[in-house]
Visitor: 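Here it is, the structure, as structure tokens.
Atoms considered below: every heavy atom in the structure, side chains included; atoms not considered: hydrogens, waters and symmetry mates. Residue numbers count from 1 along this sequence. Here the structure is a predicted model, which means the values were calculated and not measured.
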Amino acid sequence: MTNKIKTSIAIKEKLNKELSPYFLEVDDVSEMHKGHKGYKEGQATHFTIKIKSEKFYGRKKVEIHRLINAILVEEWENGVHSISINAEA
């Protein structure tokens, strides 16, 4: 299993465990950022996350993003450079 697949799986597993979303889509878009800062050949560095969870009700967008980023702290520390988040309650 490649690093890119492992990172995608880890992100999905952590978000499912912590947020119990009723919709979750995680896409590795690293190749779209080839030549940009943070891109590393063959590694998972850039992601888009679309997520819907009841745990977001009543929270501001910035709070939701901080929550997701805190859940994924290990991924940030291990080479993820950018995560675009589209979150809804």
Side-chain angles (χ1 to χ4, degrees):
M1 188 178 304
T2 67
N3 170 278
K4 294 178 89 165
I5 293 171
K6 286 180 186 177
T7 304
S8 293
I9 290 171
I11 290 171
K12 288 177 189 175
E13 287 177 349
K14 288 177 181 182
L15 294 176
N16 274 316
K17 179 182 176 189
E18 298 294 327
L19 301 173
S20 303
Y22 55 91
F23 177 83
L24 176 61
E25 184 177 290
V26 176
D27 293 311
D28 178 354
V29 294
S30 301
E31 291 302 316
M32 293 173 56
H33 296 273
K34 195 171 191 170
H36 297 174
K37 184 177 180 176
Y39 174 81
K40 295 178 185 167
E41 186 72 40
Q43 293 189 18
T45 55
H46 295 73
F47 287 89
T48 60
I49 295 173
K50 294 177 185 172
I51 185 169
K52 296 179 182 182
S53 173
E54 292 179 4
K55 294 190 177 185
F56 299 154
Y57 284 117
R59 292 185 187 225
K60 295 179 182 178
K61 185 176 180 178
V62 69
E63 292 175 301
I64 295 168
H65 284 230
R66 285 180 182 155
L67 174 63
I68 291 169
N69 286 323
I71 292 168
L72 302 177
V73 69
E74 185 177 353
E75 285 67 30
W76 284 111
E77 292 173 351
N78 290 306
V80 170
H81 175 74
S82 172
I83 299 175
S84 173
I85 301 169
N86 181 335
E88 298 177 23

Visitor: Can you tell me if K55 has over 12 outside heavy atoms packed within less than 6.0 Å of its NZ?
Guide: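 Yes, the 6.0 Å shell around NZ holds more than 12 heavy atoms from other groups.
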
Visitor: About how many Å separate CG of L24 and NZ of K52, when rounded to the nearest 0.5 Å?
Guide: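 Going from NZ on K52 over to CG on L24, the span is 11.5 Å.
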
Visitor: Strictly by side-chain hydrogen bond (donor to acceptor under 3.5 Å, both in side chains), give each pair with a member in residues 56-70 just once, sequence neighbours left out.
Guide: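 Passing the test, one end in residues 56-70: N69-W76.
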
Visitor: Any heavy-atom pair between the side chains of I11 and I71 that's under 4.5 Å?
Guide: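 The answer is no, as the side chains (C-beta and beyond) never meet within the 4.5 Å cut-off.
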
Visitor: Is there a side-chain contact between L19 and L67, using heavy atoms and a 4.5 Å cut-off?
Guide: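 The answer is yes, as the side chains (C-beta and beyond) meet within the 4.5 Å cut-off.
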
Visitor: Could you tell me if the side chain of Y22 sits less than 4.5 Å from the side chain of E54, heavy atoms only?
Guide: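 Sidechains of Y22 and E54: in contact.
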
Visitor: So P21 and N16, do their side chains get closer than 4.5 Å, heavy atoms only?
Guide: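 Yes, their side chains come closer than 4.5 Å.
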
Visitor: Got a sec, which residues hit side-chain contact (heavy atoms from CB on, under 4.5 Å) with S84, two or more places apart in sequence or on another chain?
Guide: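 Testing S84 for side-chain contact (heavy atoms from CB on, under 4.5 Å), a comparison that skips the adjacent residues, returns T48.
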
Visitor: Is T45 reaching over with its side chain to a backbone N or O of V80, donor-acceptor style, under 3.5 angstrom?
Guide: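 No.
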
Visitor: Does A44 offer a backbone N or O that forms a donor-acceptor pair with the side chain of T7 under 3.5 Å?
Guide: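 Side chain of T7 to backbone of A44: no pair is present.
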
Visitor: Sequence neighbours left out, what passes salt bridge (Lys or Arg N to Asp or Glu O under 4.0 Å) with E18? Give chain and number order.
Guide: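 E18 satisfies salt bridge (Lys or Arg N to Asp or Glu O under 4.0 Å) with no residue once adjacent residues are dropped.
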
Visitor: Rounded to the nearest 0.5 Å, what's the gap from CD1 on I68 to CZ on F56? Could you check?
Guide: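 The distance works out to 4.0 Å.
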
Visitor: Just jot down the salt bridge (Lys or Arg N to Asp or Glu O under 4.0 Å) partners of E74, sequence neighbours excluded, or say none.
Guide: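 So E74 forms a salt bridge (Lys or Arg N to Asp or Glu O under 4.0 Å) with K14.
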
Visitor: Pick out which of V26, L72, V29 makes a side chain to side chain contact (heavy atoms under 4.5 Å, CB included) with F47.
Guide: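 Testing each of V26, L72, V29 against F47, the sole residue satisfying side chain to side chain contact (heavy atoms under 4.5 Å, CB included) is V26.
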
Visitor: Could you give the distance from CG (L15) to CD1 (I51), rounded to the nearest 0.5 Å?
Guide: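 So the CG of L15 and the CD1 of I51 are separated by 4.5 Å.
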
Visitor: Once rounded to the nearest 0.5 Å, what's the spacing between atom NZ of K50 and atom CD1 of I85?
Guide: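 Result: 13.5 Å between the selected atoms.
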
